[in-house]
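Each remark here refers to the structure printed beneath this line.
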Amino acid sequence: MTLSAIVTVPVGLAPADFTAPIAGEPALVRAVRAVRDVAPVSVVAAEELSDAAVECLAAHDLSDVPVRTAPAPLGAGDQVLMHDVRYPLAPAELAARVAAGLADHDVILPVLPMTDSVKAVAANDIVLGNVDRSELVTAQYPRAFSAAALSRCADPDGLAALTSAGLKVGIVDGDPNAVAVDLAQDRGLLEAIVAAG
């Protein structure tokens, strides 16, 4: 089996969102470095963002990382570690845990227990009460998939389709810093997290 890593730069981001420094390193560079030691990595970005991604990587001695506008085709036995540039503080240790989980599963998600208060709301915006959080988790990136899992589900978040197809979906412990952020709005928060160590 061959494991490769993909860092996605979603449509809708501005180049400054993923190329501006966060405590010295852009979100794109942080995401690439988080998965680079686990598997050969490429970046998948919308065509209008690809030049900015290439320039950013080259400026940080990562010009060997290819930037594509579509993922490379997968072979039947291939596995993919998918990372999202909007999770720039996910550590390399998390990527390694996720990749290791593919030994026994078709999909691996890093998760943390749900700590926020969750409410059930009726159609007319009436709060019905608290939702039991004991069975809820928040899913993070990077995530890992077998080629079989990716071929059965166009949207990797469609986990119900995967389990109904008999594929094994597993979890590993997430990381408190691997949170999704708005790269344009949350830069100050990210800087504070990095500074706190």
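What you are looking at is a predicted structure, and each value in this text was computed from that prediction instead of being measured.
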Taking atom CG as the centre, does Asp182 end up with more than 12 heavy-atom neighbours from other residues, nucleotides or ligands that are less than 6.0 angstrom away? yes

Between Leu109 and Arg143 the two heavy atoms that sit nearest each other are CD2-CD, 3.4 Å

So, do Thr19 and Glu55 sit near enough that their side-chain heavy atoms are less than 4.5 Å apart? no

Smallest heavy-atom separation, Val85 atom then Phe18 atom, equals CG2-CB, 3.9 Å

One pair to check against side-chain contact (heavy atoms from CB on, under 4.5 Å): Leu28 and His60. What are the steps and the verdict?
CA-CA 10 Å; Leu28 179 59; His60 290 85; over 6 Å; no

Smallest heavy-atom separation, Pro142 atom then Val98 atom, equals O-CG2, 3.5 Å

According to a hydrophobic-cluster definition based on side-chain heavy atoms being under 4.5 Å apart (Ile, Leu, Val, Met, Phe, Trp, Tyr only), do Val169 and Val137 belong together? yes

Notebook entry, point to check: Does Arg133 use its side chain to pair, donor to acceptor, with the backbone of Thr115 at less than 3.5 Å?
Noted result: yes

* To do: Please tell me if the side chains of Pro110 and Asp175 come closer than 4.5 Å, counting only heavy atoms from C-beta onward.
  => no

Rounded to the nearest 0.5 Å, the CZ atom of Arg97 sits from the CD1 atom of Ile108 at a distance of 11.5 Å

Next on the checklist: Using the rule given for side-chain contact (heavy atoms from CB on, under 4.5 Å), can you reason through Val131 versus Met114, listing the C-alpha separation, both sets of side-chain angles and the distance that settles it, and then say yes or no?
Outcome noted: CA-CA 11 Å; Val131 174; Met114 173 68 75; over 6 Å; no

CZ (Phe145) and CG (Leu102) are apart, to the nearest 0.5 Å, by 9.0 Å

Any donor and acceptor pair, going by atom type alone, linking the side chain of Gln140 with main-chain N or O of Leu112 inside 3.5 Å? no

On a heavy-atom basis, the closest approach of Pro66 and Asp64 is CD-O, 3.3 Å

Side-chain contact test, heavy atoms from C-beta onward, threshold under 4.5 Å: evaluate it for Val181 versus Pro88 and give yes or no.
yes

- Apply the test side-chain contact (heavy atoms from CB on, under 4.5 Å) to residues Val67 and Leu57: give CA-CA distance (whole Å), side-chain angles for both, the deciding distance (0.1 Å), then the verdict. CA-CA 9 Å; Val67 176; Leu57 293 170; 3.6 Å; yes

Open item on the list: So does Glu25 get a backbone contact from the side chain of Arg30, meaning a donor-acceptor N/O pair under 3.5 Å?
Closed with: yes

Quick one, Val107 with Leu167, criterion side-chain contact (heavy atoms from CB on, under 4.5 Å). Give me CA distance, side-chain angles, the key distance, then yes/no.
CA-CA 8 Å; Val107 179; Leu167 298 172; 5.7 Å; no

Query raised in the report: Does atom CD of Glu47 have more than 12 heavy-atom neighbours from other groups under 6.0 Å away?
Result: no

**Prompt:** Any sub-3.5 Å donor-acceptor pair from Thr8's side-chain atoms to His83's backbone N or O?
**Reply:** yes

Closest heavy-atom pair, Ala34 versus Ala95, reported as atoms and distance to 0.1 Å, is O-CB, 3.3 Å

What one should report as the nearest heavy-atom pair of Ala14 and Leu49 is C-CD2, 4.5 Å

d(Leu94 CG, Asn177 CG) to nearest 0.5 Å is 10.5 Å

